[in-house]
Visitor: 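Next up is a structure, given as structure tokens.
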Amino acid sequence: MTTKKTRSPRSASDGWVLIAADSALETAKLHDGDPNFVKLRNPATGAASQYLFRSGDERVYEVKAFTEDFHSWFIDQTVQRDGRLLYVTPVDPVFLVLPYLQRGGAEGKFQPLQQMVMDEDYPGCTRLLKCTQALDSVHHVADEKVVGDLKFHRYNQEKTLEWLKKKVQNTVSAIKKSDLSVGGGVKSTTYVRVKQETNATEEDYLRYAHGLISEYLSEELSKDLHKHLQLPEISSPKEVEPPSKKRKLSDKPVEAGEDYTKFNSADFVRKPPKKMTAAQKSLAKVDKTGMKSMSAFFSPKVKQEKK
């Protein structure tokens with residue numbers, strides 16, 4: 001009698017491989033506690049996302065994952081079943097606070113941040129109020145009133161759009177320095193550009209930067225920012241390169257160092273037929289009538305139906 005082996009729900013092989021700067025994982029001397037992961041509401045989708053709070057909640061980092069199918073990690077004498085490569089990058093906590101300010105701003109009155117930044121589904125959101133970066137920058141998106149030792153805030157749409165506009169402009173400057181392609185050929189997310197863009201316009205840079213910033217905004221706020229930037233609507237994306245110069249993105253990520261042209265069947269060059277040797281020429285002259293090919297001896301026999 002055979003028995004099935006059962007695996008415990010949690011074992012030594014359950015773990016993550018994460019890339020993070022030392023500054024994100026170091027423990028501050030003036031604060032207790034280690035850096036830890038917290039689930040917060042994603043400001044763009046409203047779904048749960050993972051974030052990393054540095055010791056003392058001074059900085060917030062978003063956690064992203066690079067995923068491949070059928071991938072594991074071999075670490076020492078164990079196999080990590082979760083084959084994802086996680087990495088953390090700093091995120092402006094104002095983006096995470098912004099949805100709560102918008103919700104509280106619907107009442108049109110000044111309120112303390114502690115009263116607005118509350119979430120039954122994600123109670124960890126209150127840790128954002130300990131982040132000095134969020135507290136020092138919230139005035140960019142809200143009106144502020146001080147009464148004694150207390151501060152009250154009210155969401156301001158105009159301030160927010162101006163703050164986001166500066167974010168877009170700063171992103172444009174960073175993109176230009178990094179020499180990224182932002183032309184019409186990269187407007188579609190289903191294609192990857194192979195040829196470097198050389199005639200990108202300022203509008204192309206603004207559109208690209210707007211798309212990056214919109215990853216942290218709701219759809220409605222992203223549209224408002226689009227209008228605030230005075231970007232014209234695109235009726236239909238233009239093809240700036242022939243299809244042979246593009247390849248569709250697959251579910252599996254492809255390293256940039258690989259030769260992308262191998263994915264384009266149209267780019268293969270048809271080679272001329274090779275010259276036949278003397279033995280091949282003499283074999284071609286043989287009468288093959290009634291002869292079976294070599295593959296016929298290895299193919300399965302077809303059973304005849306009984307009548």
Side-chain angles (χ1 to χ4, degrees), residues 35-54 56-65 88-171 206-207 209-231 233:
N36 50 40
F37 295 93
V38 178
K39 284 187 178 181
L40 298 177
R41 188 181 299 277
N42 188 294
T45 63
S49 293
Q50 198 81 269
Y51 296 89
L52 173 68
F53 280 81
R54 199 174 77 172
D57 297 344
E58 292 181 348
R59 292 293 301 271
V60 186
Y61 301 81
E62 60 178 332
V63 183
K64 294 188 177 182
V88 298
T89 56
V91 61
D92 193 332
V94 176
F95 284 116
L96 305 179
V97 174
L98 195 55
Y100 298 103
L101 294 178
Q102 289 180 297
R103 183 183 63 183
E107 300 179 13
K109 60 182 181 180
F110 285 88
Q111 303 178 62
L113 287 177
Q114 294 80 358
Q115 186 173 329
M116 289 188 287
V117 184
M118 297 177 61
D119 198 325
E120 294 181 356
D121 297 327
Y122 304 95
C125 68
T126 56
R127 299 182 64 168
L128 294 169
L129 301 179
K130 299 179 183 180
C131 183
T132 55
Q133 185 182 3
L135 297 177
D136 294 341
S137 303
V138 71
H139 67 276
H140 292 300
V141 296
D143 298 324
E144 188 175 276
K145 181 184 293 187
V146 180
V147 179
D149 296 335
L150 300 178
K151 287 185 178 181
F152 300 85
H153 295 83
R154 181 179 61 187
Y155 174 70
N156 189 311
Q157 177 81 349
E158 295 181 1
K159 279 188 173 183
T160 301
L161 293 177
E162 279 298 315
W163 177 73
L164 291 173
K165 182 179 180 179
K166 292 180 180 179
K167 287 282 187 183
V168 171
Q169 293 172 344
N170 293 337
T171 304
L206 286 175
R207 289 189 184 279
H210 171 264
L212 294 177
I213 298 299
S214 294
E215 294 181 2
Y216 304 94
L217 306 176
S218 63
E219 184 177 357
E220 182 180 357
L221 187 55
S222 175
K223 292 180 179 178
D224 292 338
L225 177 59
H226 189 277
K227 295 178 181 178
H228 190 70
L229 294 172
Q230 298 180 349
L231 290 172
E233 296 290 342

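For the numbers below, each heavy atom of this structure counts, side chains included, while hydrogens, waters and symmetry mates do not.
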Visitor: Would a 4.5 Å heavy-atom cut-off, applied to side chains only, mark L221 and L161 as touching?
Guide: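 The answer is yes; the side chains approach within 4.5 Å.
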Visitor: Can you check whether F53 reaches L40 side chain to side chain, under 4.5 Å on heavy atoms?
Guide: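 Of all side-chain heavy-atom pairs linking L40 with F53, at least one is under 4.5 Å.
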Visitor: Looking at every heavy atom in both P93 and L128, which two are closest together, and how far apart are they?
Guide: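 Shortest heavy-atom separation between P93 and L128 comes out as CB-CD2, 4.3 Å.
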Visitor: What is the distance from atom NZ of K165 to atom CG of L206, rounded to the nearest 0.5 Å?
Guide: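 One gets 9.0 Å once the value is rounded to the nearest 0.5 Å.
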Visitor: Could you walk me through whether Y61 and R54 satisfy the side-chain contact (heavy atoms from CB on, under 4.5 Å) test, starting with their C-alpha distance in whole Å, then the side-chain angles of each, then the deciding distance to 0.1 Å, before giving a yes or no?
Guide: CA-CA 8 Å; Y61 301 81; R54 199 174 77 172; 4.0 Å; yes
Visitor: What are the two closest heavy atoms between G104 and M116, and how far apart are they?
Guide: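 Nearest heavy atoms, G104 then M116: CA-SD, 4.1 Å.
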Visitor: At their closest point, which heavy atom of G105 faces which heavy atom of Y155, and how far apart are they?
Guide: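 In terms of heavy atoms, the two residues are closest at CA-CB, 4.0 Å.
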Visitor: Using 0.5 Å steps for rounding, measure from the NE2 atom of H153 to the CG atom of L135.
Guide: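 It is 8.0 Å, given to the nearest 0.5 Å.
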Visitor: With side-chain contact (heavy atoms from CB on, under 4.5 Å) as the criterion, how do Q133 and R59 come out once you've worked through the C-alpha distance, each side chain's angles and the decisive distance to 0.1 Å?
Guide: CA-CA 7 Å; Q133 185 182 3; R59 292 293 301 271; 3.4 Å; yes
Visitor: Answer yes or no: is there a side-chain heavy-atom contact under 4.5 Å between L52 and P35?
Guide: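 Answer yes - side chains close enough.
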Visitor: Could you check whether atom NZ of K159 has more than 12 heavy atoms from other residues, nucleotides or ligands sitting under 6.0 Å from it?
Guide: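 Above 12, so yes.
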Visitor: Quick one: does N42's side chain get under 4.5 Å of Y51's, heavy atoms only?
Guide: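 Heavy-atom side-chain distance check passes, below 4.5 Å.
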Visitor: Which heavy atom of A44 sits nearest to which heavy atom of S214, and what is that distance?
Guide: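 Smallest heavy-atom distance, with atoms named: CB-O, 4.3 Å.
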Visitor: What's the spacing between K167 NZ and L212 CG if we round to 0.5 Å?
Guide: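 Atom-to-atom, K167:NZ and L212:CG are 13.0 Å apart.
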Visitor: Could you go through the side-chain contact (heavy atoms from CB on, under 4.5 Å) check for Y122 and L96 one step at a time?
Guide: CA-CA 12 Å; Y122 304 95; L96 305 179; over 6 Å; no
Visitor: Stepwise, does the side-chain contact (heavy atoms from CB on, under 4.5 Å) test hold for Q102 with T160?
Guide: CA-CA 10 Å; Q102 289 180 297; T160 301; 5.9 Å; no
Visitor: Any side-chain heavy atom of L113 within less than 4.5 Å of one from K151?
Guide: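 Result no, sub-4.5 Å side-chain heavy-atom pair not found.
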Visitor: So, does H210 use its side chain to make a donor-acceptor pair with the main chain of S222 at under 3.5 Å?
Guide: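 Looks like yes, one N/O pair under 3.5 Å.
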Visitor: Supply the atom-to-atom distance E62 CD to D92 CG, rounded to the nearest 0.5 angstrom.
Guide: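 Answer for the CD-CG pair, E62 versus D92, is 11.0 Å.
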Visitor: Within the distance-only criterion (no hydrogens, no angle test), does the side chain of R41 pair as donor or acceptor with the backbone N or O of G46 below 3.5 angstrom?
Guide: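 Pair found, side chain donor or acceptor close to backbone of G46.
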Visitor: Can you tell me how far apart CG (D224) and CG (L217) are? Round to the nearest 0.5 Å.
Guide: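 Atom-to-atom, D224:CG and L217:CG are 10.0 Å apart.
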Visitor: I want to check something: taking the side chain as every heavy atom from C-beta on, are V94 and H140 in contact at a cut-off of under 4.5 Å?
Guide: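 In short, these two side chains do not touch, never coming nearer than 4.5 Å.
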Visitor: To the nearest 0.5 Å, tell me how far F152 CZ sits from Q111 CD.
Guide: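 Those atoms lie 10.0 Å apart.
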Visitor: Do V147 and F110 have side chains that approach each other closer than 4.5 Å (heavy atoms only, starting at C-beta)?
Guide: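 No, their side chains stay 4.5 Å or more apart.
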Visitor: With the side chain counted from C-beta on, respond yes when R207 and H226 share a heavy-atom pair under 4.5 Å apart, and no when they do not.
Guide: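 A side-chain contact under 4.5 Å exists here.
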Visitor: Less than 3.5 Å apart, any donor N or O on the side chain of H228 or E162 sitting next to an acceptor on the other?
Guide: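 Looking only at side-chain atoms, E162 and H228 do form a donor-acceptor pair, the distance falling under 3.5 Å.
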